[in-house]
There are 2 protein chains.
Amino acid sequence: MMPRKRTGKTPAARGRLEPRRLPVQSRGRERTRQILDTTARLLEQVGIDDLTTILIADKLGISVGALYHYYPNKHAILHALGTRWLEEIASALDEIERQDLENFSLHEFLDLAVDRLLCVYKRQRAMLSLAQAFSSIPALRDLDEQHDCFVIQRLMAIFRRLGFSASGNELNRLGRTFHELTHALLLVIVNQHTIRASRTTADLKRMAFALLAPHRKEDLTATAVVEPP
Amino acid sequence: MMPRKRTGKTPAARGRLEPRRLPVQSRGRERTRQILDTTARLLEQVGIDDLTTILIADKLGISVGALYHYYPNKHAILHALGTRWLEEIASALDEIERQDLENFSLHEFLDLAVDRLLCVYKRQRAMLSLAQAFSSIPALRDLDEQHDCFVIQRLMAIFRRLGFSASGNELNRLGRTFHELTHALLLVIVNQHTIRASRTTADLKRMAFALLAPHRKEDLTATAVVEPP
DNA sequence: ATATAAACCGAATGATTATTCGGTTTATAT
DNA sequence: ATATAAACCGAATAATCATTCGGTTTATAT
């Protein structure tokens, strides 16, 4: 795939994924952002496989040398991009956790959560082709797993505050299920037009409700059909 | 990623994705299967990014030359593998469509469909890393889209036989939603242990029920909470 | 037996691309 | 002004792999 991937040699900065340096001049600080923006745009346009360092540099109007001045290697750029995406998710979760969840109905929670996450997916549309391939890009696999754990932990805390009656283990499983359900469907919704999108959003909320309601006494009556796990 | 991808030149057999030839000798027929099996196994072990033609040949104990005797290029191998996976899905749908769906309850249908699909995912575990990255591998993007359409068409027909009251457009949307829901969750389930797996399977069925029930008069009473779209 | 073609080998080829590095330009501090 | 370091350039380097091809082995038909 690339000249190198995982040899033992470490000529200079091989494993590093952090930005090479925090630029001191404002021009440089600007560049790190521009590099990420350009990469995101190209990712959307040409896909992960045709994304080369030269392409990024050309599109931005700088040289590859300048690129490597800020990031130690290509993976670091993708990693920074991934991190930026994950921070958006974290920020959405922050906002949700700032609410008075103890007094929320499940419907209120789902309206809030799904709508808020949908915003993130919409705003970061450029990152979607990254998000889709996240776990299949070696440079991002770790980040992805780490992120999943993080999200699930946060969801568990939220579920607790919503009054869920389930063991930690079961809550973890619920968190993962909710996470995967939401991720898969939001990816669909973002690519749909308004009418279809709104219907699928409603469907997503309905499915999430069916998933979570059995674990909350208050909502159990509403779904007579489900057998508790 | 690779020496070549999409230049204008066509030295020999560039765009071809079909197997180079149907082998005449039994030894050769065996080989095409072995190549696919080995590739699938390696895909599971090392992932798509470290999968090289040399690795496949070595692992099988043949030369790269022999590999190219049967497949015109690496993509063709992945394509054949993808096709094999999609045929399994098609076969599962066939089996479902052979049932007397007109007289099935939604629960009966979901039990059948989810369990049957789960079998496919379990049996083809080696293909999961392929299935995950399906749409992000250029060689398979077309196949993937084509397959999605196919599955959705089949689902629409099934939904009709189940007595769904919805326009074709809405039925199509439902098909996609069901397809994505199922795919995402089955990928999770296959990697879970027995107890967790069975619980998540139950969750999946419950979510699918919540998705589909509003479109079927017979089941509407059971879910008072949902508002029809 | 022997001719014919399939099956196979693997070193050589060629393309591609991440990364480096010696040198140039530009900004900032004194 | 001028020294210092940041920011930048881009041709050259090095690695990796998909693919080719001339030749060898093996099977099958006559």
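In what follows, chains carry the letters A, B, and so on, assigned in the order in which the sequence lines appear, proteins first and then strands, with residues in each chain numbered from 1.
- Residues A/His79 and A/Tyr71 place their aromatic rings such that the two centres sit no closer than 6.0 Å.
- One atom, NE2 of B/His75, and another, P of D/dT19, lie 7 Å apart when rounded to the nearest Å.
- Between B/Arg196 and A/Asn172, the side chains place a donor N or O and an acceptor N or O closer than 3.5 Å (distance only, hydrogens not considered).
- Among A/Thr201, A/Leu185, A/Leu204, the one residue that satisfies the side chain to side chain contact (heavy atoms under 4.5 Å, CB included) test with A/Leu118 is A/Thr201.
- Whole-Å rounding puts the A/Lys74 NZ to C/dT16 P distance at 15 Å.
- Residues satisfying the salt bridge (charged side-chain N to carboxylate O under 4.0 Å, His left out) criterion with A/Glu95, sequence neighbours excluded, are A/Arg116.
- Distances shown here put every side-chain N or O of A/Ser63 at or beyond 4.0 Å from the OP1 or OP2 atom of D/dG10.
- Under 4.0 angstrom from either OP1 or OP2 of C/dC8 there lies no side-chain N or O belonging to B/His69.
- The interatomic distance linking B/Ile56 (CD1) with D/dT19 (C1') rounds to 13 Å, in whole Å.
- In this entry the distance linking CD of B/Glu30 with P of D/dA27 reads 14 Å, nearest Å.
- Counting to the nearest Å, the P atom of D/dC21 and the CG atom of B/Leu67 are 17 Å from each other.
- Between A/Tyr68 atom OH and D/dA7 atom P the separation is 18 Å, expressed in whole Å.
- If A/Thr52 and B/Val64 are placed on DNA chain C by their nearest nucleotide, the residue sitting closer to the 5' end is B/Val64.
- Distances shorter than 4.0 Å separate some side-chain N or O of A/Thr53 from OP1 or OP2 on C/dA18.
- Rounded to whole Å, the distance from CD1 on A/Ile48 to P on C/dA18 is 11 Å.
- Across the helix from C/dA1-D/dT30 to C/dT30-D/dA1, the helix axis at one end is tilted relative to the axis at the other end by 10° (nearest 10 degrees, each axis from five pairs).
- One N or O on the side chain of A/Arg125 and one on the backbone of A/Val190 form a donor-acceptor pair closer than 3.5 Å.
- Regarding contacts with the backbone of C/dC8, a side-chain N or O of B/Tyr70 is found under 4.0 angstrom from either OP1 or OP2.
- Regarding contacts with the backbone of D/dA6, every side-chain N or O of A/Arg31 stays at 4.0 angstrom or more from both OP1 and OP2.
- Ion pair B/Lys205/B/Asp115 flagged as a salt bridge, since at least one NZ, NE, NH1 or NH2 atom sits closer than 4.0 Å to an Asp/Glu carboxylate oxygen.
- For the pair B/Asp58 CG and D/dA18 P, the interatomic distance rounds to 12 Å; values are reported in whole Å.
- Listed candidates were D/dT19, C/dC9, D/dC9. Nearest to the side chain of B/Ile62 is C/dC9.
- A donor-acceptor contact shorter than 3.5 Å links the side chain of A/Thr32 to the backbone of A/Arg29.
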